[in-house]
Trainee: 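Got a structure for you, questions after.
Worth saying up front: this structure is predicted, and the values here are computed from it rather than measured. Computed over heavy atoms, backbone and side chain alike; hydrogens, waters and symmetry mates excluded.
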2 protein chains.
Amino acid sequence: MVSKHRRQVALRRLHESLVDLISFTNLPRGDEELIAEAGVVLDQALFRLLVGVERFGPISVGEIAERTDRDHTTVSRQVAKLAELGLIERRSSPLDKRVKEAMVTAAGRRVTDALDAARMRLSTPVFEHWSDRDLLELERLMRRFADDLLSMSAMPKETDT
Amino acid sequence: MVSKHRRQVALRRLHESLVDLISFTNLPRGDEELIAEAGVVLDQALFRLLVGVERFGPISVGEIAERTDRDHTTVSRQVAKLAELGLIERRSSPLDKRVKEAMVTAAGRRVTDALDAARMRLSTPVFEHWSDRDLLELERLMRRFADDLLSMSAMPKETDT
DNA sequence: CAAATTATGTGCAAAATACACACGTTTTCA
DNA sequence: TGAAAACGTGTGTATTTTGCACATAATTTG
């Protein structure tokens with residue numbers, strides 16, 4: 001059992017690393033290369049939106065708005081653009097005809113697949129010198145980190161149930 | 001030694017986790033709470049800029065622009081706003097009088113400290129049930145991940161030197 | 001079943017953004 | 001060395017993006 005203080009330091013450093021990682025993903029080089037690789041011309045906002053729809057879709061406009069902290073009217077217009085480009089598809093939810101779910105089309109999937117492949121090519125060399133153990137541990141722990149964060153925030157403030 | 005394919009799967013899942021974490025940090029609840037907690041009224045853009053200047057400063061306008069993938073004129077105006085609010089300070093770089101470095105002031109530091117404290121309060125319960133080993137391993141591996149990414153991208157394409 | 005709530009979308013005004021351009025500083029190289 | 005090119009920053013201005021007010025359709029509530 002390490003000290004409470006040591007754990008606090010770990011939390012602080014964890015956040016620093018996360019900020020660094022986010023900052024890195026924002027670097028233009030990354031997106032530009034990925035986009036060029038995929039052969040699509042999308043501004044960053046639409047690019048991220050497409051990835052989000054692929055990752056979380058079928059998803060509603062309102063849910064995207066919450067996730068990205070933007071007004072739902074803004075998202076509504078961006079979603080319309082992606083639909084015009086044929087990269088995503090809208091359909092009324094069968095359970096609730098108010099919501100118009102968004103999901104990637106075959107064309108949209110081709111784009112995100114190309115992005116995935118490009119990202120794979122760019123990230124593989126980073127882990128070239130990592131041991132299997134470290135790589136798999138990072139995979140396990142980061143997944144758990146994300147899961148725990150999300151489940152905590154989904155809970156009401158009194159988390160006794 | 002696990003298979004090449006297993007490692008590829010790990011890379012893919014790693015990216016998914018990272019996207020989830022970024023998505024979480026974008027959730028409005030987080031920033032709003034943090035900002036309210038710190039007793040400051042800043043829109044998200046300025047809030048992130050301040051954190052960035054604290055983390056990477058002293059830093060030039062151009063460097064921030066690259067990091068955030070925004071036009072340098074946009075950043076120039078945002079930086080001016082933060083300076084007006086007294087949260088950051090500008091000074092000509094002694095080495096290159098063209099650049100006007102930005103760095104947090106004492107007042108700005110108070111804000112980011114408050115943000116850090118608030119974040120600590122919010123993130124501590126997430127790791128309450130984590131073992132020391134897992135927490136420290138996550139800290140170590142995420143830091144290495146960020147460091148390796150940055151050092152790779154800093155290198156020229158022929159990385160033999 | 002009427003009223004309140006929810007999801008989505010449009011008009012419009014305000015804000016953010018990027019391009020063109022300018023100015024001072026540094027680097028390049030003939 | 002010195003003139004030209006490149007660089008970092010900042011301002012004016014046109015364009016784009018954003019969010020609020022409001023509208024419509026669908027669902028839930030009581």
Trainee: Any base atoms under 4.0 Å from B/Thr73, or only sugar-phosphate, or nothing? Heavy atoms, all strands.
Mentor: base
Trainee: Rounding to an integer number of Å, can you tell me how far A/Glu63 CD sits from C/dT8 C1'?
Mentor: 14 Å
Trainee: Whole Å only: how far is the CG atom of A/Asp69 from the C1' atom of D/dT18?
Mentor: 13 Å
Trainee: Would you state whether a donor and an acceptor, one from the side chain of A/Arg98 and one from the base of C/dT6, lie under 3.5 Å apart?
Mentor: yes
Trainee: Give the rounded distance in Å between these two atoms: CG of B/Asp43 and P of D/dC20.
Mentor: 13 Å
Trainee: Within the structure, does a side-chain N or O atom of A/Lys97 lie under 4.0 Å from either OP1 or OP2 of C/dA7?
Mentor: no
Trainee: Would you give the length of the straight line joining atom CG of B/Leu50 to atom CZ of B/Arg109, rounded to the nearest 0.5 angstrom?
Mentor: 10.0 Å
Trainee: Rounded off to whole Å, could you give me the CZ-to-C1' distance for the A/Arg91 and C/dT8 pair?
Mentor: 17 Å
Trainee: B/Val99 side chain: which of D/dT9, C/dA16, D/dC20 is closest?
Mentor: D/dT9
Trainee: Which nucleotide in the set D/dG8, D/dT27, C/dT17 lies at the smallest distance from any side-chain heavy atom of B/Arg70?
Mentor: C/dT17
Trainee: Looking at C/dG9, I'd like to know if its phosphate oxygens (OP1 or OP2) sit under 4.0 Å from a side-chain N or O belonging to A/Lys100.
Mentor: yes
Trainee: Verify the contact: side-chain N or O of B/Arg90 to OP1 or OP2 of D/dG10, cut-off strictly under 4.0 Å; return yes or no.
Mentor: yes
Trainee: Round to the nearest Å and state the distance from B/Ile64 atom CD1 to C/dT17 atom P.
Mentor: 14 Å
Trainee: Need one value for B/Arg77: base, sugar-phosphate or nothing, where a base atom within 4.0 Å counts as base even if backbone is also close, heavy atoms only.
Mentor: base
Trainee: Expressed in angstrom and rounded to an integer, what is the separation of B/Asp71 atom CG from D/dG12 atom P?
Mentor: 16 Å
Trainee: Rounded to the nearest Å, what distance is computed from the CD atom of residue A/Gln44 to the P atom of nucleotide C/dA16?
Mentor: 18 Å
Trainee: D/dT16 phosphate, OP1 or OP2: any side-chain N/O from A/Lys81 under 4.0 angstrom?
Mentor: no
Trainee: In this structure, are over 12 heavy atoms from other groups packed under 6.0 Å from A/Arg12 atom CZ?
Mentor: no
Trainee: Whole angstroms only, please: what is the CD-P distance between A/Glu101 and C/dA7?
Mentor: 13 Å
Trainee: Cation-pi check, A/Arg144 to B/Trp130: give yes when NZ or CZ is under 6.0 Å from the six-membered ring centre and within 45° of the ring axis, no otherwise.
Mentor: yes
Trainee: Are the side chains of B/Thr112 and B/Leu87 in contact, using a 4.5 Å heavy-atom criterion?
Mentor: no
Trainee: When you measure from the centre of the six-membered ring of B/Phe56, is the NZ or CZ of B/Arg67 closer than 6.0 Å and no more than 45° off the axis?
Mentor: yes
Trainee: Do any side-chain nitrogens or oxygens of B/Ser76 fall under 4.0 Å of OP1 or OP2 in D/dG10?
Mentor: yes
Trainee: Can you figure out which of C/dT8, D/dG10, D/dG19 approaches the side chain of B/His72 most closely?
Mentor: D/dG10
